[in-house]
Visitor: 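Here it is, the structure, as structure tokens.
All ligand and atom numbering here is 1-based and tracks the order in the structure. Counting begins at 1 with the first residue of the sequence.
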Amino acid sequence: MSWFVSKIYDRFMASAEREVLGEWRRELLARAEGRVLEVGAGTGLNLEYYSNSVTDVTAVEPDPHMRAQLAHRIEQGPNPGVRLVDARAEQLPFSDDSFDAVVATLVLCSVDDVAAALQEFRRVLKPGGRFLFVEHVAARDNPGRLAWQRRIEPVWKRVADNCHLTRRPADAMREAGFELVDLTRESMGKGLPIVRPTIRGEARLSK
Ligand SMILES: C[S@@+](CC[C@H](N)C(=O)[O-])C[C@H]1O[C@@H](n2cnc3c(N)ncnc32)[C@H](O)[C@@H]1O
């Protein structure tokens, strides 16, 4: 992310947050308990939604500009105990079986290697641990929209920091050995049509 994008990220997201995302985050993150690893934490929009059942949050963010915004939010907010780590989803600097939950919201669209990231989530999750996610995805049952996503994706990836429009992360989760115990598909309200199709929910490890 450029310095500029990191600065405007929260304002850019504000209407989607008001419209749907804030509520989705609240519902999803109410399920997080114990030791939580949040990957691609961005500016920290999820932090306010963690409950007292969460004992500690480790927030991973590889982009220095987003990390600076996140550090600022951690300092200002009610989450002084959040640990901030510079790392990538594909290579997490944590021991096996060390977290009760992994959280990634709007992140699998941007990582370089979805399969490698999911293998890392598996590795660091304790047996029975939860992977909580929100992602925008390739359109299903709407060939016209999917065609537009395919057309625009090459340019979009460049302007939006490697964000892909046609990924199918639910399939990737199953291929990685996760069981999708809860999966909601819903349109992201008034978002740009190319990022409206979304999934959110919970995947568990069948290891
Ligand atoms: C669209 S933002 C989402 C931020 C935040 N999770 C949210 O819900 O608002 C995508 C984030 O993923 C991060 N990211 C991109 N590639 C990553 C990778 N390989 N590993 C971890 N985070 C990554 C970006 O730096 C950015 O902060």
Visitor: Any nitrogen or oxygen of D161, side chain or backbone, less than 3.5 Å from one on ligand 1?
Guide: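 Checking ligand 1 against D161, no N or O pair falls under 3.5 Å apart.
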Visitor: Under 4.0 Å from a heavy atom of D63: give me the atoms of ligand 1 that qualify, with their elements.
Guide: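 Per the distance check, 25 (O).
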Visitor: Got a salt bridge between R25 and E17, using NZ or NE/NH1/NH2 to carboxylate O under 4.0 Å?
Guide: yes
Visitor: In ligand 1, which numbered atoms sit nearer than 4.0 Å to a non-hydrogen atom of T105?
Guide: 3 (C), 5 (C), 6 (N), 7 (C), 8 (O)
Visitor: Which is closest to atom 27 (O) of ligand 1 by heavy-atom distance: E61, Q91, H65, H136?
Guide: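 That would be E61.
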Visitor: Any salt bridge linking R35 with D100? Criterion: basic side-chain nitrogen under 4.0 Å from a carboxylate oxygen.
Guide: no
Visitor: Taking heavy atoms and a distance under 4.0 Å, where does P62 meet ligand 1: side chain, backbone, both or neither?
Guide: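 Just the side chain.
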Visitor: Distance under 4.0 Å to a non-hydrogen atom of S110: what atoms of ligand 1 satisfy this?
Guide: 15 (C), 16 (N)
Visitor: Could you go through T58 and R83, starting from their C-alpha distance and side-chain angles, then the distance that decides it, and tell me whether this counts as side chain to side chain donor-acceptor pair (under 3.5 Å)?
Guide: CA-CA 5 Å; T58 300; R83 178 165 65 128; 3.3 Å; yes
Visitor: L183 and V114: same hydrophobic cluster, using ILVMFWY side-chain contacts below 4.5 Å?
Guide: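 L183 and V114: one cluster.
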Visitor: Should you measure from each heavy atom of M66, which atoms of ligand 1 turn up under 4.0 Å away?
Guide: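 This gives 27 (O) as the contact atoms.
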Visitor: In plain terms, say whether E23 and R26 are close enough for a salt bridge, that is, a side-chain N and a carboxylate O under 4.0 Å apart.
Guide: yes
Visitor: Please work out, at 4.0 Å between heavy atoms, whether the side chain, the backbone, both, or neither of E90 comes within that distance of ligand 1.
Guide: side chain
Visitor: Examine ligand 1 and decide if any of its atoms is less than 4.0 Å from a heavy atom belonging to V60.
Guide: no
Visitor: How does R88 reach ligand 1, if at all, at less than 4.0 Å between non-hydrogen atoms: by side chain, backbone, both, or neither?
Guide: both
Visitor: When clusters are formed by joining ILVMFWY residues with side-chain heavy atoms under 4.5 Å apart, either directly or through shared neighbours, do I199 and L146 land in the same one?
Guide: no
Visitor: Between atom CG of L165 and atom CH2 of W148, what is the distance when rounded to the nearest 0.5 Å?
Guide: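 Going from CG on L165 over to CH2 on W148, the span is 12.5 Å.
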Visitor: To which of G42, G40, A89 does the heavy atom nearest atom 6 (N) of ligand 1 belong?
Guide: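 It is G40 whose heavy atom sits nearest to atom 6 (N) of ligand 1.
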Visitor: Strictly under 4.0 Å, does any heavy atom of R25 approach an atom of ligand 1?
Guide: yes
Visitor: Do other residues, nucleotides or ligands put more than 12 heavy atoms under 6.0 Å from Q91 CD?
Guide: no
Visitor: Check this for me - ligand 1, N46, N or O atoms closer than 3.5 angstrom, yes or no?
Guide: no
Visitor: Is the closest side-chain donor-acceptor distance between T105 and N46 under 3.5 Å?
Guide: yes
